[in-house]
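Every chain is numbered from 1, with letters handed out A, B, ... down the list of sequences.
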Amino acid sequence: MTRPLVPADFEGDSHVVAHALIGCTLLVDGVGGRIVETEAYDRYDPASHTFSGLTPRNASMFGPPGRAYVYRSYGIHWCLNFVCREEGHGAGVLIRAIEPTHGLDTMRERRGVHDARLLCSGPGRVGQALGITHDLNGHRLDRKPFKVLAAAHAVHVVEGPRIGITKAIDVPWRFGEAGSKFVSRKF
DNA sequence: ACAAAGATGTACT
DNA sequence: GTACATCTTTGTC
């Protein structure tokens, strides 16, 4: 009962897209699981990489929606965003946590830990577990190696303030599945 | 050319 | 709870 998401699903407000992505399935080369935590970053958000306009790093967020924006975090981690578009402006949704369902052994090997809760509970961990690299920046989400499937059934979504930022910390633009054991932090 | 901060994770006390 | 790795991007001089 699930359908693959297409670029049209990423047209619109980043907050709406971030909310709608909870419960969807994300696979990279068949490895991944259910998205249980996201954050929205819109064009006029001081905490967004797009706030100061187009730069070489954030260029993919100014391109077509339904693609990946991959950036290096703290010089160590690769973090994955889904590009969306609201009123012609670039915006992004950070994938913060996944409930592992496919390719657990591959993820354990990449992460070096066994506990399923520690495989994908955080944006840097998601990047490592799914094998995300800079090669995938700007890549379409409806083409290999990506696979993004709509949620099989309705999900109870909760929201709260975003994590790890110093600007606009008051807005509740972090979304997660209620009661999930696989989020990076409790809501 | 230079400096500072960063959408984090891990190890250690 | 605190410290620190690690390096790219961006703004400033």
A.B. asks: Quick one: ring-ring contact (aromatic ring centres under 6.0 Å, His included) pairs with a partner in residues 141-165 of chain A, sequence neighbours left out?
C.D. replies: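 As it turns out, the ring-ring contact (aromatic ring centres under 6.0 Å, His included) pairs with a partner in residues 141-165 of chain A, which skip direct neighbours, are A:His139-A:Phe146.
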A.B. asks: For DNA chain C, find the residues of residues 50-59 of chain A with a heavy-atom distance under 4.0 Å and give them by number; none if there aren't any.
C.D. replies: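 Contacting residues: A:Ser52, A:Thr55, A:Pro56, A:Arg57.
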A.B. asks: DNA chain C in dot-bracket, Watson-Crick or G-U pairs under 3.5 Å, [ ] crossing, | other strand?
C.D. replies: |||||.||||||.
A.B. asks: Please identify each residue that fulfils ring-ring contact (aromatic ring centres under 6.0 Å, His included) with A:Phe10, with sequence neighbours left out.
C.D. replies: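 Partners of A:Phe10 by the ring-ring contact (aromatic ring centres under 6.0 Å, His included) criterion, ordered by chain and then number, come out as A:Phe82.
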A.B. asks: With sugar-phosphate meaning primed atoms plus P, OP1 and OP2, does A:Ile76 contact a base, only sugar-phosphate, or nothing at under 4.0 Å between heavy atoms?
C.D. replies: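 Result for A:Ile76 = base.
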A.B. asks: Once side-chain hydrogen bond (donor to acceptor under 3.5 Å, both in side chains) is applied, what residue pairs with a partner in residues 160-172 of chain A remain, sequence neighbours excluded?
C.D. replies: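 Passing the test, one end in residues 160-172 of chain A: A:Asp45-A:Arg162.
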A.B. asks: Do A:Asn58 side-chain atoms and A:Thr55 backbone N/O form a donor-acceptor pair below 3.5 Å?
C.D. replies: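 Yes, the answer is positive, given that a donor and an acceptor are paired below the 3.5 Å cut-off.
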A.B. asks: Could you work out, with ring-ring contact (aromatic ring centres under 6.0 Å, His included) as the rule, every residue matching A:Tyr74, not counting sequence neighbours?
C.D. replies: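 Per chain and number, A:Tyr74 pairs via ring-ring contact (aromatic ring centres under 6.0 Å, His included) with no residue.
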A.B. asks: Nucleotide by nucleotide, 5' to 3', does protein get under 4.0 Å of the base (B), only the sugar-phosphate (S), or neither (-) in nucleotides 1-6 of chain B, counting heavy atoms?
C.D. replies: -----B
A.B. asks: Does A:Phe187 sit in a hydrophobic cluster with other residues, and if so which ones, taking ILVMFWY side chains as linked at heavy-atom separations under 4.5 Å, directly or through other members?
C.D. replies: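 So far as hydrophobic clustering goes, A:Phe187 is joined with A:Val36, A:Val158, A:Phe182, A:Val183.
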A.B. asks: Any protein N or O atoms within reach of nucleotides 10-13 of chain B? Criterion: under 3.5 Å, listing atom names and distances.
C.D. replies:
{"unit_1": "B:dT10", "atom_1": "OP1", "unit_2": "A:Arg111", "atom_2": "NH1", "d": "2.9"}
{"unit_1": "B:dT10", "atom_1": "OP1", "unit_2": "A:Arg111", "atom_2": "NH2", "d": "3.0"}
{"unit_1": "B:dT10", "atom_1": "OP2", "unit_2": "A:Arg125", "atom_2": "NE", "d": "2.7"}
{"unit_1": "B:dT10", "atom_1": "OP2", "unit_2": "A:Arg125", "atom_2": "NH2", "d": "2.3"}

A.B. asks: Grab the CZ-P distance between A:Arg110 and B:dG9 for me, whole Å please.
C.D. replies: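 Interatomic distance, CZ of A:Arg110 to P of B:dG9: 17 Å.
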A.B. asks: Working to the nearest 0.5 angstrom, can you tell me the gap between A:Leu130 CG and A:Leu27 CG?
C.D. replies: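 Reported to 0.5 Å precision, the distance equals 8.5 Å.
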A.B. asks: So do the side chains of A:Pro7 and A:Arg140 get within less than 4.5 Å of each other, counting heavy atoms only?
C.D. replies: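 The answer is yes, as the side chains (C-beta and beyond) meet within the 4.5 Å cut-off.
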A.B. asks: Which pairs, with at least one residue in residues 8-36 of chain A and sequence neighbours excluded, count as a side-chain hydrogen bond (donor to acceptor under 3.5 Å, both in side chains)?
C.D. replies: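 Non-adjacent pairs meeting side-chain hydrogen bond (donor to acceptor under 3.5 Å, both in side chains): A:Arg3-A:Asp9, A:Glu11-A:Arg85, A:Asp13-A:His15, A:Ser14-A:Glu86, A:His15-A:Asp42, A:Arg34-A:Glu99, A:Arg34-A:Glu177.
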A.B. asks: Reading DNA chain C in the 5' to 3' direction, which nucleotide is the first one with an atom under 4.0 Å from a heavy atom of chain A, and which is the last?
C.D. replies: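 Boundary nucleotides touching chain A, in 5' to 3' order, are C:dA5 to C:dG11.
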A.B. asks: With a 4.5 Å limit on heavy-atom distance, are the side chains of A:Glu37 and A:Val126 in contact?
C.D. replies: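 No; the side chains remain at least 4.5 Å from each other.
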A.B. asks: Do A:His77 and A:Arg72 have side-chain heavy atoms sitting under 4.5 Å apart?
C.D. replies: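 Heavy-atom side-chain distance check fails, nothing below 4.5 Å.
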A.B. asks: Going by the side-chain contact (heavy atoms from CB on, under 4.5 Å) test, name the single residue among A:Val83, A:Val16, A:Leu21 that passes it with A:Val93.
C.D. replies: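 With A:Val93 as partner, A:Val83, A:Val16, A:Leu21 yield a single side-chain contact (heavy atoms from CB on, under 4.5 Å), made by A:Leu21.
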A.B. asks: For A:Arg111 and A:Gln128, which I'm curious about, is there any donor-acceptor pair between the side chains at under 3.5 Å?
C.D. replies: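 Yes - a donor-acceptor pair under 3.5 Å links their side chains.
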A.B. asks: Using only heavy-atom distances, determine whether the side chains of A:Ser121 and A:Arg125 contain a donor-acceptor pair under 3.5 Å.
C.D. replies: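 Looking only at side-chain atoms, A:Arg125 and A:Ser121 do form a donor-acceptor pair, the distance falling under 3.5 Å.
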A.B. asks: Measuring from atom OG1 of A:Thr38 to atom CD1 of A:Ile98, what distance do you get when rounded to the nearest 0.5 angstrom?
C.D. replies: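 Nearest 0.5 Å value for the OG1-CD1 distance: 11.0 Å.
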A.B. asks: For DNA chain C, what residues of residues 95-104 of chain A have any heavy atom nearer than 4.0 Å?
C.D. replies: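 Going residue by residue through residues 95-104 of chain A, none turns out to have a heavy atom under 4.0 Å of DNA chain C.
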A.B. asks: Take atom CG of A:Leu119 and atom P of B:dG9, then tell me their distance rounded to the nearest Å.
C.D. replies: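 Interatomic distance, CG of A:Leu119 to P of B:dG9: 13 Å.
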A.B. asks: Considering residues, nucleotides and ligands other than A:Ile169, do more than 12 of their heavy atoms fall under 6.0 Å from its CD1?
C.D. replies: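 Not buried by this count: 12 neighbours or fewer within 6.0 Å.
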A.B. asks: Between A:Arg174 and A:Glu159 (salt bridge meaning N to carboxylate O under 4.0 Å), is one present in this structure?
C.D. replies: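 Salt bridge between A:Arg174 and A:Glu159, a charged N being under 4.0 Å from a carboxylate O: no.
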A.B. asks: Whole-Å distance between B:dT8 P and A:Glu37 CD?
C.D. replies: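 For the pair A:Glu37 CD and B:dT8 P, the rounded distance is 10 Å.
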A.B. asks: Sub-3.5 Å donor-acceptor pair from the side chain of A:Asn137 to the main-chain atoms of A:Val70, do we have one?
C.D. replies: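 Confirmed, A:Asn137 side chain pairs with A:Val70 backbone.
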